[in-house]
Amino acid sequence: MRKTFGAFSRGIIIAVFVCLLIVTGCGGLSGDPDEPLGPERFGFHVLPLAYAPVAGDPDAYTIEYPGRDDFERIKHMGDWVVSNPWKAWWDDRNVRPHIEEMAHWCEQYDLKLVFRLEDQSRYSNHPTALPSDDYWFEHEWTPYVVDMVRTNAGRVHAYQVWNEPWEPGRYMLGPTGGKITPEEYIAFLSRTYELIKTYDPEVEVWNAGITSITEDDYHKIAKRLLELGLERYTDRFNFHAYQRPGDFDFGSVKGFQNLVKVDEIGDESRSKWVITEINHIESGADAAAKFRAIHDIYEGVSAAAKTPEAVMAFCWQQDVFLPGWGIKDTDLETRILEAWGR
């Protein structure tokens, strides 16, 4: 049953909870999700490109693409795929056919595909980073979005509008060239939402993945976005969740405090929820720890607020930029298959 705390002073609850832990050693609160985590709500973050260094030349790369076998294997474990066909990749005549093929295989295997819409030239760490101003929106962003949506109409389940816009070191530039503000992001999302719905009224539009709604800075950003009317322009509330030990555990003070924050967002959000990146916070953690972290997050968020409609594990296959994160061909893939009885 869903646990709610919105009617009480959260500070008092935390104080009482701490006292109970100290005096009685109780294990904290617990709750059950609407449904246990299984393949219907599970999937993967899948990179459209996987880079591998060329032997003898660390600065050169070969490019590999996920293919039919990858999506067939993914379907054994889940129904969801989220991926990032950045504008530069979509505009590349050599890369675009592979992105289109990816959409084709997701359709063939009845996978719910979520495409992240992003332009890396508007990331703060891009070598020639520029603002996301009106000229860019009209002459670069709009053609990319329209072409993407028209090409993939009927094959894409949802479009996620940007990713982690407030991440330090690679934040999204706003229209004036500084870090985008929540107000500026809402304006950008609203225009993009209308653009997408014009060319595919049935497709879902999701807000950018918010890095973590339990960390103070992102928690405040999430609350501000909701205050500004985020849910008028997103069909599901979307965020990311990574776990350190106890982060989503009612039985620890830290976990309880985090889940109170989750509940605060849940009180203010009307939308169904999705987690487009989920895993252990340490890429080098073993398969058992990662498997447990995914379940702890799912169950903790469900008990504190809302059962996520989908969670997408980060990530299907690793490359030289994401060492240790790949799930393909690891013990974690085996554990997931065994858990689902596949």
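Both backbone and side-chain heavy atoms feed into the values below; hydrogens, waters and symmetry mates do not.
Note: Y65 and H98 have parallel aromatic rings, judged against thresholds of 30 and 60 degrees for the angle between ring planes. Ring orientation note: the planes of F239 and F237 are tilted relative to one another, at an angle of 30° to 60°. Note: W340 and F291 have tilted aromatic rings, judged against thresholds of 30 and 60 degrees for the angle between ring planes. Ring geometry, F188 versus W162: the interplanar angle exceeds 60°, so the pair is classed perpendicular (tilted spans 30 to 60°).
Among the candidates H280, Q257, K254, the single residue satisfying the side chain to side chain donor-acceptor pair (under 3.5 Å) test with D247 is K254.
At distances below 3.5 Å, not a single donor-acceptor pair connects side-chain atoms of S283 with backbone N or O atoms of W325. D319 places a side-chain N or O within donor-acceptor distance of the main-chain N or O of L322, the cut-off being under 3.5 Å. Under the 3.5 Å distance criterion, the side-chain polar atoms of D296 are left unmatched by any main-chain donor or acceptor of F248. Side chain of N207 to backbone of T234: no donor-acceptor contact under 3.5 angstrom is found. At distances below 3.5 Å, at least one donor-acceptor pair connects side-chain atoms of T142 with backbone N or O atoms of F137. Panel note: side chain S271, backbone W273; no donor-acceptor pair is recorded below 3.5 Å. The main-chain N or O of D329 is found under 3.5 Å from a side-chain atom of E333 such that the two form a donor-acceptor pair. Not one N or O on the side chain of Y159 forms a donor-acceptor pair closer than 3.5 Å with the backbone of T192. Without hydrogens or angle criteria, K261 side chain to T214 main chain gives a donor-acceptor distance under 3.5 Å. Between the H219 side chain and the I213 main chain, a donor and an acceptor come within less than 3.5 Å of each other.
Counted within 6.0 Å of NZ on K220, heavy atoms from surrounding residues, nucleotides or ligands total 12 or fewer; the atom is thus considered open. Atom CG of D133 sits in a crowded spot, with more than 12 heavy atoms from other residues, nucleotides or ligands closer than 6.0 Å.
Nearest approach of V274 to R236, heavy atoms of both residues: CG1-CD, 3.6 Å. Heavy atoms only, all atoms of each residue included: G209 and P165 are closest at O-CD, 4.0 Å. The two residues P131 and P175 make their nearest non-hydrogen contact at CB-O, 3.6 Å. Summarising the geometry of G154 relative to D200, their closest heavy-atom pair is N-OD2, 3.8 Å, with the distance given to 0.1 Å. Considering all non-hydrogen atoms of both residues, M102 and V46 come closest at CE-O, 3.8 Å. Across all their heavy atoms, L47 and Q317 have their closest contact at O-NE2, 3.8 Å.
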Subject >> Candidate pair S83 and H45, rule side-chain hydrogen bond (donor to acceptor under 3.5 Å, both in side chains), full reasoning >> reply: CA-CA 6 Å; S83 192; H45 184 291; over 6 Å; no
**OP:** Apply side-chain contact (heavy atoms from CB on, under 4.5 Å) to Y193 and V161, showing your working.
**Re:** CA-CA 8 Å; Y193 177 92; V161 183; over 6 Å; no
**OP:** Step by step, work out the ring pair (Phe, Tyr, Trp, His ring centres under 6.0 Å) result for F42 and F44.
**Re:** CA-CA 7 Å; F42 187 74; F44 292 92; 5.2 Å; yes
**OP:** Given side-chain hydrogen bond (donor to acceptor under 3.5 Å, both in side chains), test W90 with D147 step by step and report yes or no.
**Re:** CA-CA 9 Å; W90 184 251; D147 192 26; 3.1 Å; yes
**OP:** Go through the steps for E164 and E277 under the test side-chain contact (heavy atoms from CB on, under 4.5 Å), then give the verdict.
**Re:** CA-CA 11 Å; E164 299 184 344; E277 289 186 26; 4.2 Å; yes
**OP:** Decide side-chain contact (heavy atoms from CB on, under 4.5 Å) for Y171 and W166; before the verdict, give the C-alpha distance in whole Å, the side-chain angles of both, and the deciding distance to 0.1 Å.
**Re:** CA-CA 5 Å; Y171 52 82; W166 296 280; 5.5 Å; no
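Considering NZ of K112 and CD of E204, their distance stands at 8.5 Å, rounded to 0.5 Å.
Counting only N and O atoms by type, the side chains of Y218 and E167 include a donor and acceptor under 3.5 Å apart. For the residue pair N84 / E118, no side-chain donor-acceptor distance below 3.5 Å is found, with atom types taken as modelled. Side-chain contact of H240 with S212: a donor-acceptor pair under 3.5 Å is absent, judged by distance alone. Neither side chain, T276 nor W80, offers a donor N or O lying under 3.5 Å from an acceptor on the other. With no hydrogens or angles considered, a side-chain donor-acceptor pair links S269 and E231 at under 3.5 Å. The closest side-chain donor-acceptor pair between W316 and D70 falls under 3.5 angstrom. Side chain to side chain, W105 and E107 fail the donor-acceptor criterion of an N or O pair below 3.5 Å.
A salt bridge is defined here as a Lys NZ or Arg NE, NH1 or NH2 lying under 4.0 Å from an Asp or Glu carboxylate O, and R335 with D286 fails to meet this definition. With respect to the salt-bridge test (charged N to carboxylate O, under 4.0 angstrom), the residues E282 and R244 do not qualify. Between E227 and R224 there is a salt bridge, since a side-chain N of the basic residue sits under 4.0 Å from a carboxylate O of the acidic one. With respect to the salt-bridge test (charged N to carboxylate O, under 4.0 angstrom), the residues E72 and R68 do not qualify. Salt bridge status for R73 with D69: absent, with no side-chain N to carboxylate O gap under 4.0 Å.
Contacts of A129 classified as side-chain contact (heavy atoms from CB on, under 4.5 Å), with partners at least two apart in sequence or in another chain: H126, L173. The salt bridge (Lys or Arg N to Asp or Glu O under 4.0 Å) search around D331 returns none, not counting sequence neighbours. Remark: E184 engages no residue in a salt bridge (Lys or Arg N to Asp or Glu O under 4.0 Å) (not counting sequence neighbours).
In this structure, K75 fails the cation-pi test against Y109, since its NZ or CZ atom is not both closer than 6.0 Å to the six-membered ring centre and inside 45 degrees of the ring normal. Cation-pi contact between R41 and Y298: absent, since separation from the ring centre below 6.0 Å together with deviation from the ring axis within 45° is not met.
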